[in-house]
2 protein chains.
Amino acid sequence: MIVHEGLDGFGVNKLARAAGVSPATLYIYFKDREDLIIQVTLRVTQTMLEESLRDFDPDMHFEEGLRKQWHNRASHFTRNPLDVEFIEKMRYSHLYNKVSVQVYASFKDVMGKFVRNAIERKELIELPFEVYWSVAFAPLYQLIKFHTQEKTFGHQPFKLTDESMELALQLVLKALKPA
Amino acid sequence: MIVHEGLDGFGVNKLARAAGVSPATLYIYFKDREDLIIQVTLRVTQTMLEESLRDFDPDMHFEEGLRKQWHNRASHFTRNPLDVEFIEKMRYSHLYNKVSVQVYASFKDVMGKFVRNAIERKELIELPFEVYWSVAFAPLYQLIKFHTQEKTFGHQPFKLTDESMELALQLVLKALKPA
DNA sequence: TTTAAAAATAAGCGATCGCTCATTTATCTT
DNA sequence: AAGATAAATGAGCGATCGCTTATTTTTAAA
């Protein structure tokens, strides 16, 4: 409902009717509307982050680790396209700061270690974490967005194939590896 | 209002009260709530795109042109931080497809020409437009998001300085330039 | 089978939603 | 100054909002 009609357009009564339960039932499990949205967001985001760390180890070599994360994210998102749109929507909503802290706590540690390892091993240039994150993952998320929203820049819809993903990953690796 | 309270939380009556006019007045200038939101979005987005093309020419050398666009975007957004959040919020809202087509029509042509020129001149590797866009601009937007939302990944808030922007731009250029 | 706790419900509260209409106020033309 | 047009308004419509309460149904222990 939130993906298709937005946060406005999402109502407790509507949801209850669609779910075939009484509005009152929802308030047994959730404090209020905002709590419901946040808890759902936490669960979807948590699942996404767990999937992105599947078979990942912060002691991996940099290229192997980054490729693993790209593939994990891409495969999770192409298998759950609704999740992408939901997470992105929430990520840019005014409720985001109530979600981010709780979710990224443990995730941050693993990623931080991975980056520090890679820098120590001279497999990754030295740079602030935010710059690393922006170069390493923002392109992937943009590609996924192009993929899920079907049409953006003229001509035919963009499909996130293995080829285009590998191409983008190669570019990112070229940017991040020491000369 | 939309940035701070979200699309839900944004109401016509509230807006009229805050603006010191009658709700009926709004309907002289806008068809309905959605039309109002879309028109405001169009105006803010249009301004952003115009600013991003200031002093830009699609016949510029690739590095010069890309740097120009990065600086234009960054300076516009740091001077109008509310616009960033608004545009991003709308970009991930369910109303986005009603906005995107109208806005990016002319913009697409200029950018397309710029990219084609650069590839012809061997200043840019050959790649699909979406991949180019994802690598060339997504990192910048992510950095701006880090900057505006103040705190994301632990430690102290990230500030988008000239240094960190130049660093990120250099990485992106390294990724996109032919070997 | 009885009984207490837990889960779910229908009905509807006051508040606010998006929006309209009959009327008044401001602006412009002659 | 008079009359016509445009702009703006206050009041409030029906619908929906988030949410609660008194009651019934379901579950499970004794």
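Just so it is clear: chains get the letters A, B, ... in the order the sequence lines come, proteins before strands, and each one is counted from 1.
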Exercise. Listed by chain and number, what are the salt bridge (charged side-chain N to carboxylate O under 4.0 Å, His left out) partners of A:Lys14, not counting sequence neighbours?
Worked result: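 Once residues adjacent in sequence are excluded, the partners of A:Lys14 under the salt bridge (charged side-chain N to carboxylate O under 4.0 Å, His left out) criterion are A:Glu5.
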Could you tell me how far apart [X] ([atom1]) and [N] ([atom2]) are, to the nearest whole angstrom?
X: A:Asp32; N: D:dG18; atom1: CG; atom2: C1'; answer: 9 Å
X: B:Tyr27; N: D:dG10; atom1: OH; atom2: P; answer: 16 Å
X: A:Asp8; N: D:dG18; atom1: CG; atom2: P; answer: 11 Å
X: B:Leu15; N: C:dG18; atom1: CG; atom2: P; answer: 10 Å

For this session: Please work out which of the three classes, parallel, tilted or perpendicular, describes the rings of B:Tyr92 and A:Tyr92, given edges at 30° and 60°.
Result: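 If you compare the ring of A:Tyr92 with that of B:Tyr92, the planes turn out parallel.
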For this session: Kindly confirm or rule out a cation-pi arrangement of A:Lys89 over B:Tyr96, judged by NZ or CZ under 6.0 Å from the six-membered ring centre and within 45° of its axis?
Result: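 Output no; distance or angle outside limits.
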Exercise. In the 5'-to-3' direction, what one-character label does each nucleotide of nucleotides 7-17 of chain C receive under the scheme B = base within less than 4.0 Å of a protein heavy atom, S = sugar-phosphate only, - = no such atom?
Worked result: -BBB------B
Exercise. Hey, is B:Glu88 close enough to A:Arg91 for a salt bridge, meaning N to O under 4.0 Å?
Worked result: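 No salt bridge links B:Glu88 with A:Arg91.
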For this session: Would you mind checking if A:Glu64 and A:Arg67 are paired as a salt bridge, meaning a charged N to carboxylate O distance below 4.0 Å?
Result: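 Salt bridge absent between A:Arg67 and A:Glu64.
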For this session: Tell me, yes or no, whether the heavy-atom count around B:Arg121 atom CZ, taken from other residues, nucleotides or ligands under 6.0 Å, exceeds 12.
Result: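 For B:Arg121, atom CZ is crowded (more than 12 foreign heavy atoms under 6.0 Å).
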